[in-house]
Amino acid sequence: MRRFGAFHLAALVAGFAFLYLPIVALIAYSFNASRLVTVWGGFSTHWYGALLRNEPLLDAAWLTIRVALVSATLATVLGTLAALALARYRFFAGRTLFSGMVMAPLVMPEVITGLSLLLLFVAGDVERGYWTVVIAHATFSLGFACIVVQARLAGFDRSLEEAARDLGATPFATFFTVTLPLIWPAVAAAWMLAFTLSLDDLVIASFTTGPGATTLPMRLYSAIRLGVTPEINAACTIMIAAVAVAVIGASLLMKREALAGR
């Protein structure tokens, strides 16, 4: 067995520092009293108060949350249905094509996905705005939700469903009283993952949005072009906290699911 030497420790520390020091610096400077980002003027929460008075940013944040909630729910429902189809039916006409279409957004660059959806909306003469962003985000995150739920269904004991059917339960009742409660941690984790992906998306939203539907990442990106301010740092810190909570929640649910399956 190879020893974990000083070189490996140094490489590990350097790697984590490269990844997380910029985030730590951003969070620290969000509490900077000075208006200059690179000059520390003392600890202050002034910029969080200024952020709460910034109507355009608040409107963008509220829009982003609404888009994330609806698109995550839509992606989770469709992803769960797709996972059930792929896990329960090993052979059916078009299974390979169906699986490829569901999983395509996972490996396709976001620029290609956004451009394809834009061309689709333009060809269909669909007015771009809130609902086009919702559809785009649901399409993008559906594959992630499908993978999470399908992984849970792979080890699912179907004898429990068969017992419910033998007792007279309909397929619909069996799903909602037996299957769904048992796979619920995976469904919840899929929803949190889809919510996180929608919350911080910039590229796809930029292609599919329209007037009056500017999400928070787009608003922040536009503001950064004029220079970074501690107010933007405060907004980014809140986004980091929201994403961190969602990721930790999904991880805890997946861990709980793994322990329950033992």
Side-chain angles (χ1 to χ4, degrees), residues 19-41 44-72 75 105 108-122 126-141 193-247:
L19 291 173
Y20 294 109
L21 274 181
I23 298 177
V24 173
L26 183 146
I27 296 173
Y29 277 106
S30 69
F31 296 98
N32 185 12
S34 173
R35 188 173 184 83
L36 299 176
V37 177
T38 56
V39 178
W40 180 256
S44 174
T45 58
H46 166 74
W47 299 109
Y48 287 89
L51 178 63
L52 295 177
R53 295 187 296 271
N54 191 322
E55 291 295 334
L57 275 180
L58 292 179
D59 292 341
W62 174 233
L63 175 69
T64 302
I65 293 173
R66 285 163 45 212
V67 168
L69 288 173
V70 177
S71 65
M108 190 176 297
E110 292 186 14
V111 173
I112 303 300
T113 302
L115 181 59
S116 301
L117 290 169
L118 172 61
L119 295 176
L120 175 65
F121 294 142
V122 170
V126 178
E127 183 179 356
R128 294 186 299 279
Y130 171 79
W131 285 109
T132 54
V133 178
V134 168
I135 294 172
H137 283 184
T139 302
F140 169 66
S141 53
L193 180 59
F195 179 83
T196 303
L197 291 171
S198 174
L199 195 67
D200 64 359
D201 174 71
L202 171 64
V203 178
I204 295 178
S206 299
F207 279 98
T208 57
T209 191
T214 302
T215 61
L216 184 59
M218 295 174 59
R219 178 72 65 182
L220 293 177
Y221 181 74
S222 300
I224 287 174
R225 294 180 178 180
L226 302 177
V228 180
T229 65
E231 187 176 348
I232 296 178
N233 290 345
C236 293
T237 300
I238 294 175
M239 285 190 64
I240 292 170
V243 172
V245 169
V247 171

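Worth knowing before you read on, the calculation uses all heavy atoms, side chains too, and leaves out hydrogens, waters and symmetry mates.
Annotation: the span from Thr113 atom OG1 to Met108 atom CE amounts to 5.5 Å, rounded to 0.5 Å. A distance of 11.5 Å separates CD1 of Ile27 from CD1 of Ile238, quoted to the nearest 0.5 Å. The CD1 atom of Ile112 sits 11.5 Å away from the CG atom of Leu117 when rounded to the nearest 0.5 Å. Between atom CG of residue Leu199 and atom CG of residue Leu69 there is a gap of 9.0 Å, rounded to the nearest 0.5 Å. Put simply, CG on Asp59 and CG on Leu216 are 11.0 Å apart, with the number rounded to the nearest 0.5 Å. With values rounded to the nearest 0.5 angstrom, Met218 atom CE is found 7.0 Å from Leu202 atom CG.
Side-chain contact check for Ser30 versus Tyr48: some heavy-atom pair is nearer than 4.5 Å. Side-chain contact between Phe207 and Val111 is present, with at least one heavy-atom pair separated by less than 4.5 Å. Between Tyr130 and Val70 there is a side-chain heavy-atom pair separated by less than 4.5 Å. Residues Leu193 and Ser141 form no side-chain contact, since every pair of their non-hydrogen atoms from C-beta on lies 4.5 Å or further apart. Residues Val134 and Arg66 have side chains not in contact (no heavy-atom distance under 4.5 Å, counting atoms from C-beta outward). Side-chain contact between Leu26 and Ile240 is present, with at least one heavy-atom pair separated by less than 4.5 Å. Here the side chains of His137 and Leu197 are not in contact, with every heavy-atom distance at 4.5 Å or above. Residues Leu220 and Cys236 are in side-chain contact: their nearest non-hydrogen atoms beyond the backbone lie under 4.5 Å apart.
Under a cut-off of 6.0 angstrom, the local environment of CD in Glu55 is crowded, with over 12 non-hydrogen atoms contributed by other residues, nucleotides or ligands.
Closest heavy-atom contact between Val67 and Val133: CG1-CG1, 3.8 Å. For Phe140 against Pro105, the heavy-atom pair with the smallest separation is O-CB, 3.8 Å. Looking at every heavy atom in both residues, Pro217 comes nearest to Thr64 through CD-OG1, 4.0 Å. Nearest heavy-atom pair, Phe31 versus Thr45, reported as atom, atom and distance to 0.1 Å: CD2-CG2, 4.1 Å.
Side-chain contact of Thr132 with Thr208: a donor-acceptor pair under 3.5 Å is absent, judged by distance alone.
Judged purely by atom type and a 3.5 angstrom limit, Thr237 uses its side chain to pair as donor or acceptor with the backbone of Asn233. Judged purely by atom type and a 3.5 angstrom limit, Trp47 uses its side chain to pair as donor or acceptor with the backbone of Asn32.
Contacts of Thr139 classified as side-chain contact (heavy atoms from CB on, under 4.5 Å), with partners at least two apart in sequence or in another chain: Ile135.
Applying the side-chain hydrogen bond (donor to acceptor under 3.5 Å, both in side chains) test to every pair with at least one member in residues 211-221, sequence neighbours left out, gives no pairs at all.
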